[in-house]
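Below: one structure, written as C-alpha cells.
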Amino acid sequence: MTSRRDFFFGGAYTAAATLGLGPQLTLMAAITPAQAGVTVGSNAANALRHQLRGRAIEAVIWGMPAVNTLLMYDQMIKAGGKPGEIIYWGRPLDWHNQTLTPNPDTLYFMGFWDLKSEGPMVIEVPPAGDDGSLNGNFVTLWQMPLEDAGLMGVDKGAGVKFLVTPPGYAGTVPDGFMQLVADTNAGYFLVRSNLKSHADADVARSVAYGKRVKFHPLSADPGAPETVFTDVSGVDFDSTIKYDPSFFVLLDRAIQNETWIDRDRAMIDVLRSIGIEKGKTFAPDSATADALAAGMADARLILAARYDAGLPPFFDGTHWTYPAFPSVIQSAATGYAGSDDYPVDDRGVAYSYAYIGLKRLGAGQFYLINIKDAAGESFEGGNTYRLTVPPDVPVKQYWSVTAYDRETHALIQGVDRASRASNAAEVQTNTDGSVDIWFGPKAPDGKESNWVPTDPARRFELMFRLYGPTHELFDKKWTLGDVEQVD
C-alpha cells in the first residue's frame, strides 16, 4: 500500500529524478518534523502568529495611499463638506491644517467624488489670466494621477473640462470634455490657486479665481448647477497617519466600497487572513487584533527607517533629495503601466509623509526634501539653522521653503507661520540677490522677516518648493546648498 509520504512525494520524486534532483528530494522526504525543529502545536501557532503579523505589515504598506485619502475624506465631512462639493482654505494655511506636508504659500481647493453614488463627475478648470491661475491634480482613491491641469498641466493654462468616469463606464462623453478614466469609485482633486503675494487683496483675488472651478455630477441639471464652496480656514483638519487599529478599519472600508484592481488581486488572500474580506464584517478576534497591532508597529518602524535612510539626492553632495523614490515618480506618470514593476514598498513610504499624485512632476511644480543638516544630523527644534537660497532661482512663479514636524509630517503646531517664500513681500534679500532663511525657536536679531519658527521640543524637516521650474533646475545649473546649524 502506498504510504502517505509516498503519495505526496512519489510523483514529485519521479519528475525530479529526471532532472537530477532525486537524492535531494529523497533526503527532504526523509526528514521528520521533529528533525526539522517543528513541534506540531505550539510552534505551528507561533508560525501562524508570525504570518499574521507579517501580513499586517504588508497590508499597512500596501494600503497607505488609500487610507491616506480616506483620512482626508473624513476630515472633509467633519469640516462641513460633502462629496461633489469643494472645501477651500480662504487664507494661507496655518497649523490647524494637519494634512501631510501641505503648502502654506498658496490657497487650497479640494473636492472629493463618489462615482458609485453620483455617476460621472464634471470638473471645469477656468483659463489662466490676469485674474489668476492654478495648478491642479486629479487622482483616484489610491492617489494614482489621472491628470494635471492649469498653467503647466494638460491644458497649459487654457482651461479644460474633465469628465471623471467610474470603472467600467460605457456611456458617452459630451463634446468638449476630456475623459478621466478612474479605476476606483472614490477619488479627489487638489487645486492650488496661485498667490502673487500674501497681501489681503491678492488673497481675495486668488479666492475669487479658485471659485471659478466647477464641480458637479454629469446627471445634474444642465443649466450650469452651482458648485458649493465651504471655507474651512481655521478648522482643525487632521489627516496625519494614525498608526492604530483605525487604520485597518479604513482599509476595510476601501475594500468594501471598491472593485478589485487586477494588479492588486494578490492582496485578496493576504487581507482575508487578517479579517478584511469583501462582503464580510471586519471583526478580528483577540489573537488577530494582537497580530495587527504588532504588525502596525513594525510597519511604522519600517517606513520611518526607510524615510530616515534618505531618498535619492537631487543635488550631489547635499542632503536635498527627490520628493519620492524614482520608482514612484515613474509609476505615477505612467499609471503603473510597467509590466515588471509595482513599487508598493516605495509608494507606502511616499504616502506616509505626503499626499496627492502628480502626473507630470517637474512641469507645474517640483519639490525637494531635506531631513538632515550639513553635518548629516537631524534638525532639532531647539537649534538655530540658516539656509542660503542663491539668487536667480529657476522658477517662473515662486519658490518657498516650509518646516514640518518630523514625526507627523504636518505643519508644526502652535507656531505663527511655517514658511518663507519669494511671494512674501516682507522677505529680505541680500545685496547679491540671495536670501537667508533662518529656522529655530526664536529669530536672530533683525531677522524676523526671514525666520521660520520651530518647536524646541520636537524635530523638524524641510521641503523646498519650486513652482513653474525651468530647465536650469534639472540641468543643475543652479544648486541649493545644505542647511547649516549656527548654534
Side-chain angles (χ1 to χ4, degrees), residues 101-106 135 152 192 194 307-326 329 350 353-354 358 360-380 383-404 406 409 411-412 417-424 427-440 444 447 449-454 459-486:
T101 55
N103 182 357
D105 294 292
T106 189
N135 297 75
M152 308 296 173
R192 305 161 192 81
N194 294 318
Y307 182 71
D308 191 64
L311 298 164
F314 185 79
F315 296 118
D316 291 340
T318 77
H319 293 91
W320 290 104
T321 71
Y322 282 87
F325 291 105
I329 296 171
Y353 64 80
L358 281 67
R360 301 174 183 81
L361 179 66
Q365 57 265 12
F366 195 73
Y367 310 95
L368 300 169
I369 289 177
N370 196 328
I371 62 174
K372 308 281 186 180
D373 66 15
E377 301 294 330
S378 296
F379 296 116
E380 299 290 343
N383 297 336
T384 300
Y385 302 86
R386 180 183 62 228
L387 168 66
T388 298
V389 181
D392 302 319
V393 180
V395 291
K396 296 178 182 177
Q397 297 178 34
Y398 69 93
W399 61 262
S400 69
V401 59
T402 308
Y404 301 98
R406 179 69 173 76
H409 309 295
L411 297 176
I412 300 170
R417 64 170 175 246
S419 69
R420 293 283 74 187
S422 60
N423 62 2
V427 170
Q428 297 176 355
T429 302
N430 299 324
T431 56
D432 64 353
S434 65
V435 177
D436 291 326
I437 305 295
W438 304 81
F439 307 90
K447 306 298 182 182
S449 62
N450 289 34
W451 167 61
V452 177
T454 59
R459 294 188 302 161
F460 67 95
E461 61 194 9
L462 301 174
M463 182 176 286
F464 194 92
R465 288 177 167 85
L466 302 103
Y467 269 69
T470 64
H471 68 86
E472 285 85 1
L473 173 68
F474 304 105
D475 293 342
K476 309 297 174 64
K477 295 179 179 179
W478 179 91
T479 301
L480 186 63
D482 265 330
V483 180
E484 303 277 351
Q485 181 181 344
V486 295

For [Y], is there any backbone N or O sitting under 3.5 Å from a side-chain donor or acceptor partner on [X]?
X	Y	value
W451	P444	no
N430	D432	no
R192	D105	no
T402	S419	no
N370	L462	no
R420	V452	no

Enter the distance from [X]:[atom1] to [Y]:[atom2] here, rounded to the nearest 0.5 Å.
X	Y	atom1	atom2	result
M463	I371	CE	CD1	11.5 Å
L387	L480	CG	CG	5.0 Å
I329	L311	CD1	CG	8.5 Å
K447	T384	NZ	OG1	13.0 Å
W438	R386	CH2	CZ	4.5 Å
N135	T106	CG	OG1	7.5 Å

Determine the minimum heavy-atom distance between [X] and [Y], stating which atoms define it.
X	Y	value
P323	Y367	CD-O, 3.2 Å
A324	A350	CB-CB, 4.5 Å
R459	S378	NH1-OG, 3.3 Å
N103	S400	OD1-OG, 4.2 Å
M152	G468	CE-CA, 4.0 Å
L411	A418	CD2-CB, 3.6 Å

For the ring pair Y467 and Y398, is the centre-to-centre distance below 6.0 Å?
yes

If you count heavy atoms of other groups shown closer than 6.0 angstrom to CG of D392, is the number above 12?
no

Quick one: do W399 and F366 satisfy side-chain contact (heavy atoms from CB on, under 4.5 Å)? Show the steps, please.
CA-CA 10 Å; W399 61 262; F366 195 73; over 6 Å; no

When you check the gap from the basic side-chain N to the acidic O, do D308 and K372 get nearer than 4.0 Å?
yes

If the condition is side-chain contact (heavy atoms from CB on, under 4.5 Å), which residues does P391 pass it with, not counting sequence neighbours?
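Scan of P391 (side-chain contact (heavy atoms from CB on, under 4.5 Å), adjacent residues dropped) gives S434.
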
Using side-chain contact (heavy atoms from CB on, under 4.5 Å), reason through Q365 and L358 one step at a time and then give a plain yes or no.
CA-CA 9 Å; Q365 57 265 12; L358 281 67; 3.1 Å; yes

Report the C-alpha distance between Y385 and E380 in whole Å, list the side-chain angles of each, state the deciding distance to 0.1 Å, and finish with yes or no for side-chain contact (heavy atoms from CB on, under 4.5 Å).
CA-CA 9 Å; Y385 302 86; E380 299 290 343; 3.9 Å; yes

Should the pair Y353 and Y307 be assigned to parallel (<30°), tilted (30 to 60°) or perpendicular (>60°) ring geometry?
tilted

Sequence neighbours excluded, every pair satisfying side chain to side chain donor-acceptor pair (under 3.5 Å) that has a member inside residues 312-325:
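Applying side chain to side chain donor-acceptor pair (under 3.5 Å) to every pair that reaches into residues 312-325, excluding sequence neighbours, yields H319-D482.
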
For E461 and Y404: C-alpha separation, side-chain torsions, deciding distance, then whether side-chain contact (heavy atoms from CB on, under 4.5 Å) applies.
CA-CA 5 Å; E461 61 194 9; Y404 301 98; 3.8 Å; yes

